[in-house]
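Below, read A as the first sequence line, B as the second, and so on, with proteins coming before strands; counting in each chain starts at 1.
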Number of protein chains: 2
Amino acid sequence: MTIPQEIDTPELMIDVDILDRNIERMASAVRARGLSLRPHAKTHKIPQIAVRQIAAGASGLTVATIGEAEVFAAAGVGDLFIAYPLWMSPQKAERLRRLSQTARIAVGVDSVEGATALGSGLGGAAGSTSVLVEVDSGHHRSGVHPEAVAPVAEAAARAGLEVAGVFTFPGHSYAPGMPVEAARQEQQALNRASEVLAAAGFDITCRSGGSTPTAMLTGNSAATEVRPGVYVFGDAQQLELGRCAAEDIALTVAATVVSHHATPADGPARFIIDAGSKVLGSDRPAWASGFGRLMDHPDARITALSEHHATVEWPDPGTAPAIGHRLRVIPNHVCLAMNLVDDVAVVSGGALVDRWVVAARGKNK
Amino acid sequence: MTIPQEIDTPELMIDVDILDRNIERMASAVRARGLSLRPHAKTHKIPQIAVRQIAAGASGLTVATIGEAEVFAAAGVGDLFIAYPLWMSPQKAERLRRLSQTARIAVGVDSVEGATALGSGLGGAAGSTSVLVEVDSGHHRSGVHPEAVAPVAEAAARAGLEVAGVFTFPGHSYAPGMPVEAARQEQQALNRASEVLAAAGFDITCRSGGSTPTAMLTGNSAATEVRPGVYVFGDAQQLELGRCAAEDIALTVAATVVSHHATPADGPARFIIDAGSKVLGSDRPAWASGFGRLMDHPDARITALSEHHATVEWPDPGTAPAIGHRLRVIPNHVCLAMNLVDDVAVVSGGALVDRWVVAARGKNK
């Protein structure tokens, strides 16, 4: 695909045809296994994409913050899960009370203290808000051990909240060779946590798993829903993990070659493009080949990144693009790239067809 | 400092008293050595801070993009250097022509192609725009070897641009033990590039060096001006490089403890705070102790970061802060953190006194 002339660089571009295909493929695969799909909207932060996900059959959305929930509730999404162990500051409590009047809200909890504060912060709105207890399935971030879910659920119930179920995020699936094992641990953790809650007298309806690497691997198993996010766009991490192909990448960053190094006699060509960490994000797992990939040039490597420069190594100096040439970059982690821009170019068949505002960008609270 | 009650987390806070002291100290030190100061405004992106820098004696500002230049020109800054080898797309050429009617503009060049396209893009405005030729002083990003500056300067002159001088960014100073050696290489590169241009018949007036790590080390030497950016705030990188002290840190991120891991019998406490890569940025050089530091808790380490979670290891489990406790985080790289938020809280003596809009946030083009 050539970059439309109207697009100046650096600029994020969404190929809407690939986006629609990704949305439909995940929806079909999840539906075929009898699971609910609740996509994580922190990846895209764009109401127009949320609408497409709901139209394809998503039961609601997952978000990370109250601010994201506010944006999507205002856009008409009526069922939102804030998959985060929120601590109820006075400001958050007031916003969450207001939000619960316009949408059905569930919140993550992973401590007695957090569940108690959530119920008391919500006050009269607690009855219309449900919680999912977060379980650690091996990522060792937030969440409690599956054996330790009952006291958290009991604190939530005492605080007047409905305990709807359990959830986990198998973040350790984001590493080579890990998706299958992480998906297994995820199912095991959800299963065991459900048994523990059932034994404690809870009648739960939701067992929610997550992540783009594991969502397609989830068998007929413990989960009742999945919460993948990145699948709408794909990114260089998913590509290098083998969870998507280059033709599934719906979001790229248009960039221009701005500088060339003098090429040594025996080395690769090295040049600079105008997409740096302020538009790509600087996530770079140890196993990644670099700070993103170049679309259509799988042999090139992005070896260094600063705020407005990326250094590209290009194996064959004879074919290196000249200064002024435009290229497309696949960010390592698309959730960070989307959070860096106010709007994105929407393209179809190589033509600019729309611009979408990243309405939930920067909604960190 | 306690975090003012009005501030919800996560939120960026500027201590304006420390900010003013940092601005004044750098201005005095640079003035005492007879150099001009042209601070890099990509660090803060805030007109109120630019005004303070100019009032303290800065001759103008450095920026990275035309968009940043537009914001600061609109705020009344009349002298701007875009320290980047811009490629003149039709869009950029039109914006730069317009900008050159409202402010004195200089642009970086590091190739014959770039200089030629800049002159032709500017057309009639070329005469009122000057260029500085970028020299590579060891960072190996953009810039040409000091011996190779003449053809670039000659192309700029042929294209109708005034060749005002040379500049370099010693980015390799951002590593332990490197600032002194990088500052030496920087001066050597500026010196040699000036000699080469003089031999080619250019009468240059500006030799511009850069970077917070080296700016205070620049002796009575080749440079006529310096372009530090980070010094206004300091950050965890500068702290760990020994280029600032904890009491010089003017920008921190207010965060709340939201989750605790079960503490093993023999290990440190581990807990989660609500400041992740979407508010701290995810830069983490190999030599850094972690993904930022905790203010007032030098022994704690931030060992993992995801979008809305940071994992903290706290050596003494007996003193670990409870869920709901608030802490201040020092980001690793403050330029990225500032680029993630729409506005910042301004505090003085522990009280919230103002809010400033990050007017140039996201101006990547």
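Residues satisfying the side-chain contact (heavy atoms from CB on, under 4.5 Å) criterion with Arg284(B), sequence neighbours excluded, are Ala288(B), Phe291(B), Asn332(B). Judged as a side-chain contact (heavy atoms from CB on, under 4.5 Å), and not counting sequence neighbours, the contacts of Glu11(A) are Ile7(A), Asp343(A), Ala345(A), Arg355(A), Lys365(B).
Heavy-atom pairs under 4.5 Å with chain A were tallied for Lys45(B), Lys363(B), Glu134(B), Arg326(B); the largest tally goes to Lys45(B). Ranked by heavy-atom pairs under 4.5 Å with chain B, the list Val341(A), Leu305(A), Asp283(A), Val144(A) is led by Asp283(A). The residue among Ser111(B), Gly114(B), Gly324(B) with the most heavy atom pairs within less than 4.5 Å of chain A is Gly324(B). Among Ala322(A), Cys335(A), Gly362(A), Ala262(A), the residue making the largest number of heavy-atom pairs under 4.5 Å with chain B is Cys335(A). For chain A, the option among Pro90(B), Ser306(B), Ala117(B), Ala310(B) with the highest count of heavy-atom pairs below 4.5 Å is Ser306(B). Most heavy-atom pairs under 4.5 Å with chain A: of the set Ile323(B), Asp136(B), Val258(B), Asp8(B), this distinction falls to Asp8(B).
Only the side chain of Asp110(B) comes within less than 4.5 Å of a heavy atom of chain A; its backbone N, CA, C and O stay farther away. Contacts of His333(A) with chain B are made by side-chain atoms alone, with heavy-atom separations under 4.5 Å and no backbone atom involved. If you measure heavy-atom distances from Ser142(B) to chain A, the contacts under 4.5 Å come from both the backbone and the side chain. Only the side chain of Asp342(B) comes within contact range of chain A, with at least one heavy atom under 4.5 Å from a heavy atom of that chain. For Gln5(A), the part lying under 4.5 angstrom from a heavy atom of chain B is the backbone only.
A salt bridge (charged side-chain N to carboxylate O under 4.0 Å, His left out) check over residues 301-311 of chain A, counting only residues at least two apart or in different chains, returns the pairs Lys278(A)-Glu307(A), Glu307(A)-Lys42(B).
Between the CG atom of Leu336(A) and the OG atom of Ser277(B) there is a distance of 4.5 Å, given to the nearest 0.5 Å.
Of all heavy-atom pairs spanning Ser259(B) and Pro85(A), the tightest one is CB-CG, 4.5 Å. For the residue pair Asn364(A) and Leu340(B), the shortest heavy atom distance occurs at ND2-O, 4.2 Å.
No side-chain heavy atom of His139(B) sits under 4.5 Å from any side-chain heavy atom of His309(A). Under the 4.5 Å side-chain criterion, counting only non-hydrogen atoms from C-beta, Lys92(B) is in contact with Thr9(A).
Using a 4.5 Å heavy-atom cut-off against chain A, the contacting residues of residues 267-276 of chain B are Arg270(B), Ile272(B), Ile273(B), Asp274(B).
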message = Run the side chain to side chain contact (heavy atoms under 4.5 Å, CB included) test on Thr256(B) and Ser89(A) for me, step by step, so that the C-alpha distance in whole Å, both residues' side-chain angles and the decisive distance to 0.1 Å come before the verdict.
response = CA-CA 9 Å; Thr256(B) 301; Ser89(A) 62; over 6 Å; no

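Between the side chains of Thr65(A) and His308(B), no donor N or O sits under 3.5 Å from an acceptor N or O.
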